Amino acid sequence: MSVAISIENVVKRFGKETVINGVSLDINPGEFFTLLGPSGCGKTTLLRMIIGFNTIDGGHIKIDGKVINDIPTNKRNMGMVFQNYAIFPHMSVKDNIAFGLKNRKLPKGEIEARVDEILKIVKIDQLKNRMPQKLSGGQQQRVALARAIVIHPEVLLMDEPLSNLDAKLRTEMRNAIKQIQRQVGITTVYVTHDQEEALAVSDRIAVMNAGVIQQVDTPKNIYQRPSNIFVSTFIGLSNIFNGVLESNNNGIAIVRIGNYRFRMNNILIDSSPNMPVKVAVRPEEFIINRETQEGIPVVVKYSVFLGVSTHYFVETQEGQEIEVIQNSDLDELIPNGEKIHLKVQAQKINVFTDDGSRSLIDREVRS
Amino acid sequence: MKGAKKILNIWQALAIAILALFLLFVVYPLGLILYKSIIMKDGTVSFAYFVKFFSKKYYWSTLINSFKVTVASTLVSAVLGLIIAYLLRSIKIRGSRLLNILIVISYLSPPFIGAYAWIQLLGRNGFITRILNALFNVKLGGIYGFSGIVLVFSLQSFPLVYMYVSGALKNMDNSLNEAAESLGCSVVQRVWKIIVPLVMPTLLASALLVFMRVFSDFGTPMLIGEGYKTFPVLLYSQFMGEVNTDDNYAAALCVIVIGITLILFFIQRYIGFRMSYSMSAMKPMEPDKAKGLKNILAHIFAYLVVLVAVLPQITVIVTSFLDTKGASFAGKFTLENYKNILMPKNISTLTNTYLFGLAAILLVVVLGVLISYLTVRKRSILTAIIDTLTMFPYIIPGSVLGISFLYAFNKKPLLFSGTAIIIIIALCIRRMPYTIRSSTAIIGQISPSVEEAAISLGSTETKTFLKITVPMMMAGVLSGAIMSWITLISELSSSIILYTSKTQTLTVAIYVEVIRSNFGNAAAYSTILTVTSILSLLLFFKVSGSNDISV
């Protein structure tokens with residue numbers, strides 16, 4: 001019963017400004033799909049085009065192959081959860097949830113039954129007759145979710161639904177949302193700017209920037225094998241170095257950062273002597289070397305002990321600031337001012353073209 | 001696709017209908033005034049009427065007089081309003097809630113009632129004047145002319161400044177005070193460097209409102225001005241007087257008034273735009289308990305000002321129970337006055353007031369909600385035009401509106417003059433800008449996503465408006481409607497021009513009885529008006545759940 005959504009070369013303009021520039025996406029039936037990007041990247045605009053609040057200025061949006069461009073919102077049968085929940089303040093929890101069912105002119109008994117059922121699913125059956133003012137943020141969120149899915153929509157759309165909750169509740173609610181989505185098996189499009197949230201809930205993520213899709217992939221691939229520098233720095237933290245791809249023969253590449261040379265076995269480009277590249281190293285992909293001179297020479301500026309891990313903030317000879325994360329062990333912290341060398345875990349790091357637009361990593365090669 | 005188009009048409013049709021209404025009842029009458037002001041009796045176009053006004057001292061001096069009383073009253077009101085507002089917000093005054101309500105009440109009664117009450121107290125034969133004359137064996141002439149007008153207007157207008165500034169002070173977070181204090185500011189410096197600049201935009205905005213009200217009020221100078229003729233009095237007598245009335249000259253005078261209020265309106269907009277800070281207090285200023293002499297002085301000052309402000313109301317209520325033979329008081333208490341005004345042949349004055357008020361309120365609320373919804377949510381060139389047109393009445397003095405209506409609607413097929421409809425429409429149009437402004441603010445606070453949620457759940461746009469938007473606006477609109485109601489039942493300046501014996505309302509009756517020197521009846525009418533206002537005000541407090549008033 002779940003539907004597929006296909007978005008084909010969709011364009012949106014506000015006045016002269018093009019906000020969405022020819023975006024294409026295929027969302028699978030029952031999938032939890034997330035649009036992730038910085039604010040102003042067009043993700044909410046795209047979501048609102050799917051539900052019909054924004055008109056489509058070019059291209060098509062199809063549900064199970066059927067173009068829906070000209071179907072008015074109230075006939076699209078999509079449920080939406082809003083950033084501010086948009087609970088009707090003058091209606092009780094029950095009436096809020098029954099609103100969509102009444103619009104569909106269902107018999108009273110069925111409305112009652114479906115409201116009760118959904119209240120149990122979202123675990124607020126004890127709040128049935130409350131007025132919204134008496135609900136906490138998390139409870140309002142559950143009402144909004146129940147109201148959107150009780151109409152059995154073909155598609156569930158969520159626009160930053162957790163951004164108004166505090167940190168602890170946010171984690172709790174995102175697990176609840178994920179679980180309920182699995183339970184009802186509805187194709188879901190979720191918009192957020194919070195990368196951790198996106199990684200936690202999504203089956204697949206589309207990273208957007210400036211109205212253009214940067215990468216569509218599973219959370220794991222997005223994090224570990226970003227397809228360009230933007231994704232690499234937007235998702236998690238990446239330290240970017242100017243490097244040189246010295247050679248790549250028989251699947252063994254030599255990469256150099258400053259005077260530090262290391263081998264990689266997953267570079268796509270064939271022998272291309274001394275090509276300038278960008279090397280992206282996540283803080284946890286460094287190996288601290290205090291014994292020898294091998295690695296990138298840096299000076300420890302200060303350190304932060306966070307229990308599970310220890311963060312070192314170090315500076316290269318060129319003055320570049322770098323963050324290094326190590327699992328905490330029993331040894332003393334490295335004192336501020338000490339000169340150390342940083343090696344990299346070559347199989348984990350990413351290498352991009354010098355302009356940062358393309359990854360040079362061959363994803364087929366594992367370790 | 002069909003559905004979407006149909007919905008669009010409902011709102012578009014509504015917008016066109018509203019536009020047509022405003023063209024008929026605002027643009028056409030005003031256009032007619034403009035036209036008349038430059039058309040001579042022989043049909044030629046000329047500015048002769050304007051030349052006539054500005055070349056004769058008898059005429060142009062009224063404008064000077066108007067500016068003099070208006071500037072003086074505005075200054076006094078602003079200073080008094082600011083001081084009282086700061087006093088009540090910073091020092092704990094016993095009974096400050098009561099004081100607050102009394103101040104509002106003194107504002108809600110029409111200014112000319114204040115004028116006539118002060119004549120009773122300080123006039124040639126006034127109560128206080130007689131006491132003073134007897135005590136000091138002098139012959140005081142009573143308070144008339146410039147000083148009388150300024151007294152009445154100042155006392156009647158400072159509450160407006162008070163309400164605005166008090167509201168602004170309430171929105172000021174006390175941490176601003178505390179921050180200034182921690183940075184080494186003394187109390188006096190704090191008031192001067194932090195509080196005054198922050199309330200300045202509000203003070204100026206309210207002062208300009210006072211200016212516009214005072215400038216266009218004609219009842220007060222008419223009663224207490226005697227020889228001191230202001231511009232609205234000239235306008236009224238040119239139009240309504242028994243001799244030498246000249247429609248076209250009156251039209252030219254209307255154009256001059258509109259020109260002046262228009263300039264004031266733009267000044268207000270400019271200042272308001274340049275100097276507005278958005279503040280919202282997490283921790284508002286708390287009134288502190290003052291000690292010793294400071295405390296006593298603060299109490300005396302606050303109570304004295306409020307007492308003087310409500311003195312006219314008290315005078316009127318007391319007078320209403322006095323046996324009055326014409327203008328002289330016999331000094332006995334009686335219910336005779338109420339018997340007079342409640343006689344079957346006079347009762348229509350009361351029923352007219354309530355019926356016209358209610359009808360106008362209903363119209364204003366329905367139209368106001370629709371118009372504000374159109375201009376906020378359905379932006380288009382059409383709704384932008386409506387938005388501008390609906391602000392027109394804001395700058396048109398009531399008497400000008402009344403005159404323009406008589407010009408426009410005294411011939412078939414638009415023969416409304418003398419009917420109740422013309423008064424209701426005039427009231428409706430006068431109040432429209434305020435209602436639209438407050439409704440617009442209310443809609444602005446409703447997140448569009450609530451409406452979108454309803455639509456995503458399968459509701460049509462019309463149904464969403466009726467079931468979601470309107471109920472959510474209701475509380476705010478209702479309390480706004482009550483305030484409008486209070487303002488409408490005390491409206492004089494357009495009713496006095498449009499009324500006939502069949503459509504006489506309370507304020508008109510009061511005015512007429514005062515002119516005829518039937519002070520007892522006038523006082524009884526005024527008392528009924530005051531009681532109605534107080535009851536409505538209490539209802540407002542109940543509905544809005546707050547003690548703050550915005551007019």
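Hydrogens, waters and symmetry mates are skipped; everything else that's a heavy atom, side chains included, is used. Here is the naming used below: chain letters follow the sequence lines, and residue numbers restart at 1 for every chain. The structure displayed is predicted, hence computed values, not measured ones.
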Looking at every non-hydrogen atom in both residues, tell me the closest pair between [X] and [Y] and how far apart they are.
{"X": "A:Phe88", "Y": "B:Val450", "value": "CE2-O, 3.2 Å"}
{"X": "B:Leu457", "Y": "A:Arg147", "value": "CD2-O, 3.3 Å"}
{"X": "B:Ser449", "Y": "A:Ala86", "value": "O-CB, 3.3 Å"}

Yes or no on side-chain contact (heavy atoms from CB on, under 4.5 Å) for A:Asn74 and B:Ser459, after CA distance, side-chain angles and deciding distance?
CA-CA 6 Å; A:Asn74 57 349; B:Ser459 167; 5.8 Å; no
Is it true that, when you exclude [X] itself, more than 12 heavy atoms of the residues, nucleotides or ligands shown sit nearer than 6.0 Å to its [atom1]?
{"X": "A:Lys128", "atom1": "NZ", "result": "yes"}
{"X": "A:His60", "atom1": "NE2", "result": "no"}
{"X": "A:Phe14", "atom1": "CZ", "result": "yes"}
{"X": "A:Arg104", "atom1": "CZ", "result": "yes"}

Would you give the length of the straight line joining atom [atom1] of [X] to atom [atom2] of [Y], rounded to the nearest 0.5 angstrom?
{"X": "A:Asn103", "Y": "B:Lys463", "atom1": "CG", "atom2": "NZ", "result": "3.5 Å"}
{"X": "A:Ile151", "Y": "B:Ser456", "atom1": "CD1", "atom2": "OG", "result": "6.0 Å"}
{"X": "B:Lys467", "Y": "A:Phe99", "atom1": "NZ", "atom2": "CZ", "result": "7.0 Å"}
{"X": "A:Lys75", "Y": "B:Ile455", "atom1": "NZ", "atom2": "CD1", "result": "11.0 Å"}

side-chain contact (heavy atoms from CB on, under 4.5 Å) between A:Ile51 and B:Glu452, intermediate numbers included:
CA-CA 10 Å; A:Ile51 191 160; B:Glu452 288 173 355; over 6 Å; no
Is it the side chain or the backbone of A:Met80 that comes within 4.5 Å of chain B heavy atoms, both, or neither?
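A:Met80 touches chain B through backbone and side-chain heavy atoms alike.
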Using heavy-atom distances under 4.5 Å, tell me whether B:Ala475 contacts chain A through its side chain, its backbone, both, or neither.
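Looking at B:Ala475, nothing touches chain A.
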